[in-house]
2 protein chains.
Amino acid sequence: MTERQQLPPGAEDLHRVTITDVARAAGVSVATVSKVINERYGVAARTSEHVQRVIEQLGYESSLVARSLRSHKTHVIGILVPEFEPFSTEVLKGTSRAITGTGYELLAYSGGGRAGEVVGWERRYLSRLSGTLIDGAIMMTPTVVRTAGSVPVVAIDPHAGPADSPTVDADSYAGAVLATEHLLQLGHRRIGFLGGRPDLDSARLREDGYRDALATAGIPVDPDLVRLGGYRRQVAAAPTRELLSLADRPTAIFAANDLSAIGVLDVARELGLTVPTDLSVVGFDNVPESALTEPPLTTVQQPLQEMGAQAVHLLLRLVHGEPGASTHVRLPTSLVRRGSTAPPAAAPGRAGG
Amino acid sequence: MTERQQLPPGAEDLHRVTITDVARAAGVSVATVSKVINERYGVAARTSEHVQRVIEQLGYESSLVARSLRSHKTHVIGILVPEFEPFSTEVLKGTSRAITGTGYELLAYSGGGRAGEVVGWERRYLSRLSGTLIDGAIMMTPTVVRTAGSVPVVAIDPHAGPADSPTVDADSYAGAVLATEHLLQLGHRRIGFLGGRPDLDSARLREDGYRDALATAGIPVDPDLVRLGGYRRQVAAAPTRELLSLADRPTAIFAANDLSAIGVLDVARELGLTVPTDLSVVGFDNVPESALTEPPLTTVQQPLQEMGAQAVHLLLRLVHGEPGASTHVRLPTSLVRRGSTAPPAAAPGRAGG
DNA sequence: CTGTTAGCGCTTTCAT
DNA sequence: ATGAAAGCGCTAACAG
């Protein structure tokens, strides 16, 4: 039962109620209604109360769109993501927690996820929303960040290198070293690497960590063992197959993120290899899904939710024009040992760390 | 009067480039630019090309806000959620997958997650966004859905009962029966139930399932064993403590969702009880997090991602005004056995199924 | 204290 | 084929 009889029954179905409707019903001008809504000075208490009541009755709520078009201040911050997948949704959880009590609201925007649109979505989304609608943006894993002519932007795990704009990321290099050392300590000597894309910063850092850890252990990198997995499950399949079809195939694979590690698991199963007995696998990210695989994935944890929270804090500071503290927050990574790693089948025993 | 001419380098930093800038730079009217953008008839091929080029050069992208205010058609659908937590983000993943290739984009909106605002956010969000900005909305676990004067709405797992508007949900009742039967088959006789809120539909159905399964097994329901956990981890703590402090405490607890089940795990640990030896726990939802607990949670799976995908399909059909197929999609639930359930410590042995 | 008037950036008749 | 002008819902001067 709707408790409003001002409008003829059903009339509210035709158009959503606007500020004009309220003004008319209250017998005042729209300007006055606007003032009441925004608690501006210069409205008689009586009038204000009356208008409030009408607003209540009509169930009026101001249009975010119209308001923002005019006032350029919305108290909404945007999270721009290419797609809602395990990585970005994990970060989203962190932003959601961090935003509570700040008086801001969250608007997560994602395109249709057209695969071809790998590059360029950042600029597009930002242009479409900024200046209006959002007061600031958090951009997830962007490849390019052009802040020009837009609201403040914080990048999370940007692929283009942490130079452009304020950034929150995790220590990819150290994480990769951890992962590789873990494999070395188990006794692996032929360790494959399934990278992201060479033009992406996080991917490159992970490869660096892998190479350096091997070098430290005095093991030369076999170029045959380094492939590109593109950070995606399906993309990882082909290079993994190549890797595992090698005459002298690796006894372990370090994949640059969890999704491609899961892709490795897929191929191993397809090839009749048992993980971890025949092949050890390490991922990167520690998205919740990595614990659900069979066997559960050993991986490098990034504090994804914390990264989201930090990004919110950083962005809010920028939006408020506060002296922007540090402009680059780097969070630590750590190894999560689960079931996908073990000593190689015919291991020569433990290697010295 | 803002005067910016050809845009000297860096000038685009002052204001984002608008359709007016493009028009000026191209030497045509804004109307013409608009026509080019929207591929309307009545523009000379030469003009069109020229304008296109200028748009490219300036990096112009039309404002979603301004456009939607005027045209009331945006090709964006909104996902309205109270908060980004494991449940809603799971659904989000499904919507993201389903939206690809449809030509629509996704806009997930969440308030500051003010705890007090448990009720009423639905109407507020919808009013703020609908009519403009979004062509349709998917509302997550709303308690009330008033579609009046707004765009088409599909509800996911609504708490108010699946009568109001098109709905996608999972079979809570059957799931609860499965969970309870599982516990009974393990030999449990004193089974506690940690419900949601009695006014919520899914919560009620889960309680019904619990009661009916017990009744079928010929076991009377002890009112002392039925408490309210509010679907939240922290809220679940107090009632759980009461349950486990009972003289004749339950040997198993069925919690109405995973978050409150995790709350049960917290309290059990705090009380020095080992799960599943001293206490069996079953949850509901099967969010990824439920596999990460110690021990991993036995739970009832809802096809969360699939629910999101179905909601998208249903909504798009409504937006297009197609004859709306079924208006209520109910997906099946199933039991996921993991480590949090076992026969009771001093079990009288297996009970007959 | 209140109403009138201008737009915000865009689309859409309707003239030209 | 093109542009002038109106207006979407709202806020912000500025008059009265």
Side-chain angles (χ1 to χ4, degrees), chain A residues 14-24 26-51 55 58 60-76 127-135 149-151, chain B residues 1-2 4 14-51 55 58 60-76 127-135 149-151:
Chain A
L14 299 179
H15 288 308
R16 60 184 294 283
V17 8
T18 76
I19 197 173
T20 312
D21 299 325
V22 174
R24 187 158 29 218
V28 298
S29 73
V30 295
T32 302
V33 177
S34 176
K35 281 171 195 153
V36 170
I37 293 167
N38 298 292
E39 297 171 305
R40 291 276 177 285
Y41 289 111
V43 182
R46 257 173 48 88
T47 314
S48 178
E49 264 176 47
H50 176 221
V51 171
I55 287 177
L58 262 44
Y60 168 73
E61 195 75 45
S62 78
S63 158
L64 179 60
V65 168
R67 175 198 292 256
S68 79
L69 182 56
R70 190 58 236 247
S71 72
H72 289 202
K73 223 59 189 149
T74 59
H75 283 251
V76 173
S127 296
R128 276 168 74 77
L129 303 185
S130 100
T132 45
L133 234 212
I134 58 178
D135 291 348
S150 78
V151 293
Chain B
M1 175 119 160
T2 44
R4 72 192 98 121
L14 300 178
H15 287 306
R16 60 185 294 282
V17 9
T18 74
I19 197 174
T20 311
D21 299 325
V22 174
R24 186 156 32 213
V28 298
S29 73
V30 296
T32 301
V33 177
S34 175
K35 281 171 196 153
V36 170
I37 293 168
N38 299 291
E39 297 171 305
R40 293 275 176 284
Y41 288 110
V43 181
R46 256 173 48 87
T47 313
S48 178
E49 263 175 49
H50 176 222
V51 171
I55 287 177
L58 263 42
Y60 168 74
E61 194 74 45
S62 78
S63 158
L64 179 60
V65 168
R67 176 198 290 254
S68 79
L69 182 57
R70 190 60 235 251
S71 72
H72 289 203
K73 222 57 189 152
T74 58
H75 283 255
V76 173
S127 296
R128 276 168 74 79
L129 303 185
S130 98
T132 44
L133 237 210
I134 58 177
D135 292 348
S150 79
V151 294

> Rounded to whole angstrom units, what separation is found between the CD atom of B:Glu39 and the P atom of C:dC10?
Replying inline: 17 Å

> What is the distance, rounded to the nearest whole Å, between atom NE2 of A:His72 and atom P of D:dA12?
Replying inline: 11 Å

> Just how far, in rounded Å, is C1' of D:dG9 from CG of A:Leu64?
Replying inline: 12 Å

> Could you give the distance from CZ (B:Arg128) to OG (A:Ser63), rounded to the nearest 0.5 Å?
Replying inline: 8.5 Å

> Quick one: are B:Arg70 and A:Leu69 in side-chain contact, heavy atoms under 4.5 Å?
Replying inline: no

> What's the CG-P distance between A:Leu69 and D:dA12, to the nearest Å?
Replying inline: 12 Å

>> Rounded to whole Å, how long is the line connecting atom NZ of A:Lys73 with atom P of C:dC8?
In response: 18 Å

>> Considering every strand and a 4.0 Å limit on heavy-atom distances, what is the contact class for B:Ser62: base, sugar-phosphate, or nothing?
In response: sugar-phosphate

>> Using a 4.0 Å heavy-atom cut-off, does B:Ser34 contact any base of the nucleic acid, only the sugar-phosphate backbone, or nothing at all?
In response: base

>> Would you compute the distance between atom OG of A:Ser29 and atom CD1 of A:Ile19 and round it to the nearest 0.5 angstrom?
In response: 8.5 Å

>> Tell me if a side-chain donor or acceptor on A:Arg40 pairs with a main-chain N or O of A:Asn38 at a distance below 3.5 Å.
In response: yes

>> Rounded to whole Å, how long is the line connecting atom CG of B:Leu133 with atom P of D:dC8?
In response: 18 Å

>> Would the distance check show the side chain of A:Ser68 and the main-chain N or O of A:Val65 forming a donor-acceptor pair, the cut-off being under 3.5 Å?
In response: yes

> Of all residues at least two apart in sequence or in a different chain, which pass the ring pair (Phe, Tyr, Trp, His ring centres under 6.0 Å) check with A:His75?
Replying inline: A:Tyr104

> Donor-acceptor pair, B:Thr74 side chain versus B:Leu133 backbone, under 3.5 Å?
Replying inline: yes

>> I need the CD1-P distance between B:Ile37 and C:dT12, as an integer number of Å.
In response: 11 Å

Protein N or O to nucleotides 2-6 of chain D N or O, pairs below 3.5 Å:
residue : atom : partner : partner atom : Å
D:dT2   : OP1  : B:Thr47 : OG1          : 2.6
D:dT2   : OP2  : B:Ala44 : N            : 2.7
D:dT2   : OP2  : B:Thr47 : OG1          : 3.2
D:dG3   : OP2  : B:Ser29 : N            : 2.9
D:dG3   : OP2  : B:Ser29 : OG           : 3.2
D:dG3   : OP2  : B:Thr32 : OG1          : 2.8
D:dG3   : N7   : B:Lys35 : NZ           : 3.4
D:dG3   : O6   : B:Lys35 : NZ           : 2.8

>> If I take atom CZ in residue A:Arg40 and atom P in nucleotide D:dC14, what distance separates them, rounded to the nearest angstrom?
In response: 15 Å

> Taking only N and O in the side chain of A:Ser71, is any of them less than 4.0 Å away from OP1 or OP2 of D:dT11?
Replying inline: no

>> Is the phosphate of C:dG9 approached by B:Thr18 (side-chain N or O, under 4.0 Å from OP1 or OP2)?
In response: no

